[in-house]
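Report on one structure; see the data block that follows.
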Amino acid sequence: MKIPNEINTATPNIYQELGISDEVYCFSKEILDNLRPRFDEIDRNTEYNQLKVIKAMQDNRVSEACLLGTTGYGYNDLGRETLEAVYASIFHTEDALVRPQITCGTHALALALMSNLRPGDELLSPVGKPYDTLEEVIGIRPSKGSLAEYGISYRQVDLLEDGSFDYENIKKSVNEKTKLVTIQRSKGYQTRPTLSVKRIGELIAFIKEIKPDVICMVDNCYGEFVERLEPTDVGADMVVGSLIKNPGGGLAPIGGYIAGKKECVENAAYRLTSPGLGKEVGASLGILRDFYHGLFLAPTVTASALKGAIFAANIYEKLGFRVVPNSLESRHDIIQAVEFGTAEGVIAFCKGIQAAAPVDSFVTPEPWDMPGYDSQVIMAAGAFVSGSSIELSADGPIKPPYAVYFQGGLTFEHACFGIMKTLQSVIDAGIVSI
Ligand SMILES: *Cc1c(COP(=O)(O)O)cnc(C)c1O
């Protein structure tokens, strides 16, 4: 074993103990060193977003008492009400709903849609097919309780070949029934580019020009704190997301949020609890400390995940694989795709992510027949919060083009180590050599 001669630098010594070879370490280190200027740019956004969060907490007088919870009905829950005011300050909206009773991102989106649409209304997606789980919410795939069952119709305009908005067909699709427009910021598991906040703003301006009173909602999952502006800064009436992604900072164990116009949030609250009760009930139990603490950390956690994604793109692009986004593209969410072209590549990558985890590092992920998917899927995660995808995690369907999607990393050091482990695993499986 080598004795480190530089005290102040991370030494290959500990990496060797964790199964990283010298060649992988040196290959990775060189790429990382070249990314410093890019990382500095991210740090400047992080600095801004960190201060934005602190200011929102100060302006709303977050106190020690806010960290406590209520039980039962949860009337006059100071911490819950203050947290919702903090979210509204961060997103520059009139109001917000931030609750542990919102079980996940899909639930938050379904809630926002179902509470703001009425029978006879039409929903429009001007950016193509929405996230998989929303297909059942909308009723694109028939499902119990879908919007379609309640007589709410749906229209979709795909992006053009080059990823730009199909303004002509969007204009044709906005009609007297169109009540709400849903815009997904992140590409999710598609190949289209993720939308920048600026582009979202342009799209909203175009739609409001045609129909000023239409509600513009943005599925903000994976996008929070990646840029300085959020979609509500450029005209969105509502942003919706999950607390086990970016804004929970890795500490929120459950939850979702809706921030936006007072009326939109009010509608959602009456649907979440009950007509007549709305935001006034919903005990926070003991969860608020994690919501505040996680939100405070969210800008730096998001930055770690973002840097990890850029690092991976640079490693695998250099090795000749197609990566989306590519090594140089600007980033608007934390998801990274790597196309291996073979099942073995996807599996080796996921094994590397798993082997780098703080929890369950000793288990081996295997492809399985997951309900709702038309091929086997492999997933890797060793998380403190089950299913949390702000923690380092990866998954890939075992079908062409054999792409793996990965995201997260609560700390930059862990994200980097995880990616080095994937490289080691892919090399050990004989898939590439460096
Ligand atoms: C994760 C995600 C969702 C759904 O969130 P869940 O918490 O998995 O239900 C919706 N839209 C996008 C873009 C997402 O990334």
Side-chain angles (χ1 to χ4, degrees), residues 97-114 123 125-138 140-141 143 145-147 156 159 180-197 199-200 217-227 230-231 236 238-250 252-259 272 291 294 298 302 305-306 309 324-325 331-337 370-373 377 379 381 383 385-397 403-408:
L97 188 68
V98 187
R99 302 283 169 126
Q101 288 84 6
I102 300 176
T103 57
C104 61
T106 304
H107 185 193
L109 288 157
L111 182 62
L113 291 172
M114 293 182 163
L123 168 68
S125 170
V127 297
K129 189 186 92 61
Y131 197 75
D132 262 17
T133 54
L134 283 189
E135 290 187 15
E136 284 177 281
V137 170
I138 295 167
I140 301 171
R141 274 186 284 148
S143 181
S146 68
L147 293 174
Q156 175 178 313
L159 295 173
L180 198 152
V181 172
T182 179
I183 301 167
Q184 185 179 310
R185 180 171 175 181
S186 166
K187 68 183 173 305
Y189 300 125
Q190 290 170 265
T191 46
R192 69 150 168 102
T194 286
L195 303 177
S196 66
V197 171
R199 287 192 65 202
I200 291 173
M217 177 186 98
V218 174
D219 174 351
N220 212 21
C221 283
Y222 287 131
E224 299 92 348
F225 301 122
V226 170
E227 299 183 42
E230 296 291 342
M238 244 193 312
V239 280
V240 182
S242 163
L243 298 197
I244 63 167
K245 293 178 179 172
N246 307 15
I254 193 172
Y257 76 89
I258 298 171
L272 175 66
F291 281 11
T302 302
L306 202 52
V324 184
R331 301 272 160 162
H332 310 289
D333 71 6
I334 63 168
I335 301 179
Q336 181 65 48
M370 215 178 134
Y373 289 82
V377 180
M379 298 192 156
V385 171
S386 182
S388 164
S389 45
I390 186 64
E391 298 190 50
L392 193 63
S393 49
D395 42 82
V404 70
Y405 298 87
F406 97 96
Q407 64 272 314

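For ligands, and for the atoms within them, numbers begin at 1 and follow the listed sequence. We use all heavy atoms of the structure for the numbers below, so side chains are in, but hydrogens, waters and symmetry mates are not.
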- Item | Sub-4.0 Å atoms of ligand 1 with respect to non-hydrogen atoms of Gln184 | 13 (C)
- Task: Name all residues meeting the ring pair (Phe, Tyr, Trp, His ring centres under 6.0 Å) criterion together with Phe291; count only those two or more places apart in sequence or in a different chain, and write none if there are none.
- Result: none
- Electrostatic pair Lys129:Glu135 at N-O distance under 4.0 angstrom: yes
- Query: With a 4.0 Å cut-off on heavy atoms, is Leu109 touching ligand 1?
  - Reply: yes
- Pairing of Arg185 and Glu230 as salt bridge, 4.0 angstrom limit: yes
- Task: Starting from atom 9 (O) of ligand 1, find the nearest protein heavy-atom neighbour and note its residue, name and distance.
- Result: Thr106 OG1, 2.5 Å
- Query: At the 4.0 Å heavy-atom cut-off, does His107 count as touching ligand 1?
  - Reply: no
- Non-hydrogen atoms of Thr194 and Lys187 that approach each other most closely: OG1-N, 3.0 Å
- Task: Identify, for atom 7 (O) of ligand 1, the protein heavy atom at the shortest distance, and state residue, atom and that distance.
- Result: Gly105 N, 2.8 Å
- Do Ser389 and Tyr222 pass the side-chain hydrogen bond (donor to acceptor under 3.5 Å, both in side chains) test, and can you show the C-alpha distance, the side-chain angles, and the key distance before you say yes or no? CA-CA 9 Å; Ser389 45; Tyr222 287 131; 2.7 Å; yes
- Task: Could you tell me the residue and atom name of the protein heavy atom closest to atom 13 (C) of ligand 1, and the distance to it rounded to 0.1 Å?
- Result: Asp219 OD2, 3.4 Å
- Heavy atom of the protein closest to atom 1 (C) of ligand 1 (residue, atom name, distance): Lys245 NZ, 1.3 Å
- Step-by-step side-chain hydrogen bond (donor to acceptor under 3.5 Å, both in side chains) determination, Ser196 to Glu227: CA-CA 8 Å; Ser196 66; Glu227 299 183 42; 5.2 Å; no
- Query: Counting from 1, what ligand 1 atoms have a heavy atom of Tyr222 closer than 4.0 Å?
  - Reply: 15 (O)
